[in-house]
*Asks:* 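Before we start, here is the structure in question, set down as C-alpha coordinates.
A quick note: this is a predicted structure, and the numbers were derived from the prediction, not measured.
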Amino acid sequence: MKDVEEKLELWRQTLESTGFKLSRTKTEYLKCDFSESWAVEGDMLLNGQSVLRKYSFRYLGSMLQSDGGIEEDISHRAKSAWGKWRLASGFLSDRKVPLKLKGNFYKSAIRPSMLYSAECWAMNNRDTLKLQSTEMRMLRWACGHTRLFWGKN
(Lines give C-alpha, C1' and ligand atoms only; values in the text may rest on other atoms or scores of the structure.)
Protein backbone atom coordinates (compact mmCIF):
# COMPACT_ATOMS: atom_id res chain seq x y z
CA MET A 1 0.00 0.00 0.00
CA LYS A 2 2.91 2.35 0.74
CA ASP A 3 4.29 1.78 -2.77
CA VAL A 4 0.99 2.86 -4.28
CA GLU A 5 0.85 5.93 -2.06
CA GLU A 6 4.40 6.89 -3.07
CA LYS A 7 3.56 6.53 -6.78
CA LEU A 8 0.37 8.55 -6.32
CA GLU A 9 2.31 11.30 -4.55
CA LEU A 10 4.95 11.31 -7.32
CA TRP A 11 2.16 11.55 -9.90
CA ARG A 12 0.61 14.49 -8.00
CA GLN A 13 3.96 16.31 -7.80
CA THR A 14 4.67 15.73 -11.51
CA LEU A 15 1.25 17.06 -12.49
CA GLU A 16 1.57 20.12 -10.28
CA SER A 17 5.07 20.88 -11.59
CA THR A 18 3.63 21.14 -15.12
CA GLY A 19 0.73 23.38 -14.07
CA PHE A 20 -2.00 20.79 -13.51
CA LYS A 21 -3.77 20.20 -10.22
CA LEU A 22 -4.94 16.85 -8.90
CA SER A 23 -8.33 17.19 -7.23
CA ARG A 24 -8.16 15.41 -3.89
CA THR A 25 -11.94 15.45 -3.52
CA LYS A 26 -12.52 13.76 -6.89
CA THR A 27 -9.69 11.24 -6.68
CA GLU A 28 -10.92 7.70 -5.99
CA TYR A 29 -9.39 4.24 -6.11
CA LEU A 30 -10.61 0.70 -6.65
CA LYS A 31 -8.86 -2.14 -4.85
CA CYS A 32 -9.64 -5.55 -6.29
CA ASP A 33 -10.11 -8.20 -3.61
CA PHE A 34 -9.25 -11.26 -5.68
CA SER A 35 -7.22 -12.87 -2.90
CA GLU A 36 -7.13 -12.42 0.84
CA SER A 37 -3.32 -12.57 0.92
CA TRP A 38 -3.09 -8.87 0.02
CA ALA A 39 -5.57 -7.73 2.67
CA VAL A 40 -4.11 -4.47 4.00
CA GLU A 41 -6.25 -2.42 6.31
CA GLY A 42 -6.26 1.36 6.43
CA ASP A 43 -6.88 4.24 4.11
CA MET A 44 -4.79 5.32 1.17
CA LEU A 45 -3.36 8.77 1.71
CA LEU A 46 -2.58 11.51 -0.79
CA ASN A 47 -0.63 14.44 0.66
CA GLY A 48 -1.87 13.51 4.14
CA GLN A 49 -5.54 13.31 3.13
CA SER A 50 -7.56 10.10 2.84
CA VAL A 51 -8.53 8.99 -0.69
CA LEU A 52 -12.05 7.61 -1.17
CA ARG A 53 -12.23 3.87 -1.89
CA LYS A 54 -14.81 2.73 -4.47
CA TYR A 55 -16.20 -0.79 -4.80
CA SER A 56 -17.31 -0.38 -8.41
CA PHE A 57 -16.01 1.81 -11.20
CA ARG A 58 -17.18 2.55 -14.74
CA TYR A 59 -14.38 2.24 -17.30
CA LEU A 60 -14.88 2.33 -21.07
CA GLY A 61 -18.54 1.39 -20.77
CA SER A 62 -17.97 -1.54 -18.42
CA MET A 63 -18.52 -1.71 -14.69
CA LEU A 64 -15.44 -2.94 -12.84
CA GLN A 65 -16.09 -4.29 -9.33
CA SER A 66 -13.69 -4.91 -6.49
CA ASP A 67 -14.88 -8.50 -6.03
CA GLY A 68 -14.57 -9.28 -9.75
CA GLY A 69 -18.37 -9.61 -10.20
CA ILE A 70 -20.18 -8.51 -13.34
CA GLU A 71 -23.84 -8.58 -12.26
CA GLU A 72 -24.17 -4.79 -12.22
CA ASP A 73 -22.46 -4.56 -15.60
CA ILE A 74 -24.92 -7.04 -17.13
CA SER A 75 -27.85 -5.07 -15.73
CA HIS A 76 -26.37 -1.90 -17.22
CA ARG A 77 -25.92 -3.54 -20.63
CA ALA A 78 -29.53 -4.85 -20.56
CA LYS A 79 -30.77 -1.33 -19.72
CA SER A 80 -28.67 0.05 -22.56
CA ALA A 81 -30.28 -2.40 -24.98
CA TRP A 82 -33.76 -1.40 -23.76
CA GLY A 83 -32.79 2.24 -24.33
CA LYS A 84 -31.89 1.46 -27.95
CA TRP A 85 -35.11 -0.53 -28.20
CA ARG A 86 -37.17 2.47 -27.06
CA LEU A 87 -35.53 4.70 -29.66
CA ALA A 88 -36.68 2.33 -32.40
CA SER A 89 -39.92 1.12 -30.79
CA GLY A 90 -42.13 2.77 -33.39
CA PHE A 91 -40.37 0.87 -36.17
CA LEU A 92 -40.08 -2.42 -34.25
CA SER A 93 -43.70 -2.42 -33.07
CA ASP A 94 -45.15 -1.61 -36.50
CA ARG A 95 -46.99 -4.65 -37.85
CA LYS A 96 -46.48 -3.50 -41.44
CA VAL A 97 -42.69 -3.88 -41.20
CA PRO A 98 -41.53 -7.38 -42.26
CA LEU A 99 -40.13 -9.61 -39.49
CA LYS A 100 -36.93 -10.21 -41.46
CA LEU A 101 -36.21 -6.46 -41.54
CA LYS A 102 -36.95 -6.17 -37.82
CA GLY A 103 -34.62 -9.08 -37.14
CA ASN A 104 -31.82 -7.56 -39.20
CA PHE A 105 -32.24 -4.25 -37.37
CA TYR A 106 -32.20 -6.03 -34.01
CA LYS A 107 -29.01 -7.93 -34.91
CA SER A 108 -27.21 -4.84 -36.16
CA ALA A 109 -28.30 -2.15 -33.65
CA ILE A 110 -29.75 -3.54 -30.43
CA ARG A 111 -27.85 -6.78 -29.78
CA PRO A 112 -24.41 -5.10 -30.10
CA SER A 113 -25.39 -2.50 -27.48
CA MET A 114 -26.37 -5.32 -25.12
CA LEU A 115 -23.25 -7.41 -25.72
CA TYR A 116 -20.70 -4.59 -25.81
CA SER A 117 -17.49 -5.80 -24.07
CA ALA A 118 -19.05 -9.22 -23.37
CA GLU A 119 -15.88 -10.98 -24.46
CA CYS A 120 -14.29 -9.73 -21.21
CA TRP A 121 -17.00 -11.15 -18.94
CA ALA A 122 -16.67 -14.34 -16.94
CA MET A 123 -20.35 -15.24 -17.02
CA ASN A 124 -22.23 -17.80 -14.98
CA ASN A 125 -25.59 -19.41 -15.78
CA ARG A 126 -27.61 -16.69 -14.00
CA ASP A 127 -25.95 -13.96 -16.09
CA THR A 128 -26.55 -15.88 -19.32
CA LEU A 129 -30.19 -16.42 -18.39
CA LYS A 130 -30.68 -12.71 -17.69
CA LEU A 131 -29.36 -11.72 -21.12
CA GLN A 132 -31.38 -14.46 -22.86
CA SER A 133 -34.61 -13.43 -21.14
CA THR A 134 -34.01 -9.79 -22.09
CA GLU A 135 -33.43 -10.81 -25.70
CA MET A 136 -36.54 -13.02 -25.82
CA ARG A 137 -38.75 -10.27 -24.39
CA MET A 138 -37.54 -7.92 -27.12
CA LEU A 139 -38.04 -10.47 -29.88
CA ARG A 140 -41.53 -11.39 -28.66
CA TRP A 141 -42.43 -7.71 -28.63
CA ALA A 142 -41.10 -7.22 -32.18
CA CYS A 143 -43.15 -10.21 -33.40
CA GLY A 144 -46.29 -8.86 -31.73
CA HIS A 145 -46.50 -11.60 -29.08
CA THR A 146 -46.75 -9.54 -25.94
CA ARG A 147 -48.33 -10.54 -22.68
CA LEU A 148 -50.11 -7.21 -22.41
CA PHE A 149 -53.45 -6.63 -24.12
CA TRP A 150 -54.13 -2.98 -24.95
CA GLY A 151 -57.21 -3.46 -27.08
CA LYS A 152 -58.15 -4.85 -30.44
CA ASN A 153 -55.43 -6.33 -32.67
*Asks:* Under a 4.5 Å cut-off applied to non-hydrogen side-chain atoms, are Leu101 and Phe91 in contact?
*Replies:* yes
*Asks:* Between the side chain of Ser108 and the main-chain N/O of Phe105, is any donor-acceptor distance below 3.5 Å?
*Replies:* yes
*Asks:* Measure the shortest side-chain to side-chain distance between Glu6 and Trp11 over non-hydrogen atoms and say whether it is less than 4.5 angstrom.
*Replies:* no
*Asks:* Provide the closest heavy-atom pair for Met138 versus Trp85 in the form atom of the first, atom of the second, distance.
*Replies:* O-CH2, 3.1 Å
*Asks:* Can Arg137 and Trp82 be said to form a side chain to side chain contact (heavy atoms under 4.5 Å, CB included), step by step?
*Replies:* CA-CA 10 Å; Arg137 275 185 277 150; Trp82 278 113; 4.0 Å; yes
*Asks:* Can you hop from Phe20 to Leu8 via hydrophobic side chains spaced under 4.5 Å?
*Replies:* yes
*Asks:* Closest heavy-atom contact between Ala81 and Ser113?
*Replies:* CA-OG, 3.5 Å
*Asks:* Side-chain heavy atoms under 4.5 angstrom apart, residues restricted to Ile, Leu, Val, Met, Phe, Trp, Tyr: same cluster for Leu115 and Ile110?
*Replies:* yes
*Asks:* Is Glu16 paired with Lys21 through a side-chain N to carboxylate O contact shorter than 4.0 Å?
*Replies:* no
*Asks:* Can you tell me how far CE of Met136 sits from CG of Leu131, rounded to the nearest 0.5 angstrom?
*Replies:* 13.5 Å
*Asks:* Which atom pair, heavy atoms only, marks the closest approach of Tyr106 to Pro112?
*Replies:* O-CD, 4.2 Å
*Asks:* Considering all heavy atoms of both residues, which atom of Val97 and which atom of Lys102 are nearest to each other, and what is their separation?
*Replies:* O-CE, 3.5 Å
*Asks:* Working to the nearest 0.5 angstrom, can you tell me the gap between Lys84 NZ and Ser89 OG?
*Replies:* 13.5 Å
